[in-house]
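As structure tokens, the structure follows; a few thoughts come after it.
Ligands are counted one by one from 1 in listed order, and the atoms in each one are counted from 1 as well. Keep in mind that what you see is a predicted model, and the values were worked out from it rather than measured.
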Amino acid sequence: MSNSEPGFSTLAIHAGAQPDPTTGARATPIYQTTSFVFEDTDHAASLFGLKAFGNIYTRIMNPTQAVLEERIAALEGGTAALATGSGHGAQLLVFHTIMQPGDNFIAANKLYGGSINQFGHAFKSFDWHVRWCDPSDLDSVESQIDDRTRAIFIESLANPGGTFVDIKAFADIAHKHGIPLIVDNTMASPYLVRPIEHGADLVVHSLTKFIGGHGNSMGGVIVDGGTFDWTASGNYPMLSEPRPEYGGIVLHETFGNFAFAIACRVLGLRDFGPAISPFNAFLILTGVETLPLRMQRHCDNTLEVASWIKNHDKVAWVSYSGLEDDDNHALMKAYSPKGAGAVFTFGLKGGYEAGVKFVEALEIFSHLANIGDTRSLVIHPASTTHRQLSPEQQVAAGAGSDVVRLSIGIEDVADIIGDLSQALDKA
Ligand SMILES: Cc1ncc(COP(=O)(O)O)c(C=O)c1O
């Protein structure tokens, strides 16, 4: 065995996995069980008291989930990870661990529409308050931070706008104010961008997208960067104060640089329950093995498609940071030199009506509310994923009424372009 750090593709296949100790099975088995038998009563007591680490009940931990967690932590360069039943479940657990009633956090206004809803509406009932910022206006970010601000949240590559965000600049602002930077890395995946290397403290994903990659399983994950001092300010009591239900232990003292992942598991996941099923963890693990191959193909296909569609006479504009003349190209080159991802938006000269005809005429593309599938996908965000937002919020999020979003799959690029071409003729 060589001493050098394994490369990304090797980690994508091997990290976290061993041949099954009981059967020798090489692929990670699906441990389809709700619960695990204790060795004796002492063992049970030490598991429940966090004195020993082990499986109790699949809502909290399961061996198939554990392999997925270790693999994503390795791919992101984090200390630990926690898998959840969806990306939104991951976000809920992150903020539950960070926020107290009355606290606020700063979030970029260029986010997936569901996150804008979750933060702006659902979180209000916990008395957690979001303050929106324009990620291209860093002064406006800093001016909103006050003594109740507990975090900054951005997407490394924004959905649906397809723009890269200056992670390092956000990390510097967050750290200057003693708060963590949380990055949703769903659209880029760690194959393109590893936010922890640029200063992020926590990374979240919807595993439902590129990481699972086949449009068949919901999942989410929280990756602990192990970088943030949760005790210094006293503003993160879940991590810095004794936990009565665990015999008074202080999670940050006991678990050090993976305390955040532990807190999300033993407090948030335990009590809110958005666990991933072992079967979904297995399917997503299988997807992860080909992430580098798929992601590169997604990027290569998308660059060809965006370059082609930009010159089509029915197309008013294209926003894809992989194009050399795109405003976001320099940031893309700095953060994601292997490619600009698979999702981009464009507008049709015929506006909304042309957009409807175009979407209905497509044959290879599927019209649905997802991204990051092997298949090419299309949607009109303003009437679907971003429908609940105000017109101003839609435009700010890159989802105005004329915008069509494509998620380019890994089919033959000539077939993808052929389908777009025949549908544009009909638009
Ligand atoms: C960037 C981004 N983050 C988070 C989510 C939420 O993930 P999930 O649908 O798995 O809950 C999505 C879903 O589309 C997304 O695109």
Numbered atoms of ligand 1 (with element) below 4.0 Å of Gly219, judged on heavy atoms: 10 (O)
Centroid-centroid distance, Phe95 to Phe119, less than 6.0 Å: yes
Between CG on residue Leu47 and CD1 on residue Ile56, distance to nearest 0.5 Å: 5.0 Å
Protein contact of atom 16 (O) of ligand 1 - nearest heavy atom, named by residue and atom, plus distance: Asn159 ND2, 2.9 Å
Side chain, backbone, both or neither: His205 near ligand 1, heavy atoms under 4.0 Å: neither
Closest approach of any protein heavy atom to atom 2 (C) of ligand 1, naming residue and atom: Asp184 OD2, 3.5 Å
Contacting atoms of ligand 1, where contact means under 4.0 angstrom from a heavy atom of Thr208: 10 (O)
Charged N-O contact under 4.0 Å between Glu245 and Arg270: yes
side-chain contact (heavy atoms from CB on, under 4.5 Å) partner of His214, chosen from Ile284, Leu283, Thr290: Thr290
Pairing of Glu360 and Lys426 as salt bridge, 4.0 angstrom limit: no
Atoms of ligand 1 close to Lys209 [distance to a heavy atom under 4.0 angstrom, numbered from 1]: 9 (O), 12 (C), 13 (C), 14 (O), 16 (O)
Salt-bridge present (Glu69, Arg265; N to O < 4.0 Å): yes
Nearest non-hydrogen protein atom, atom 6 (C) of ligand 1: His88 ND1, 3.5 Å
Carboxylate-amine/guanidinium proximity below 4.0 Å for Asp146 and Arg148: no
Min heavy-atom dist Gly372 to ligand 1 below 4.0 Å: no
Heavy-atom nearest neighbour in the protein, as seen from atom 8 (P) of ligand 1, with distance rounded to 0.1 Å: Gly87 N, 3.4 Å
For atom 12 (C) of ligand 1, closest protein heavy-atom neighbour: Tyr112 CD2, 3.3 Å
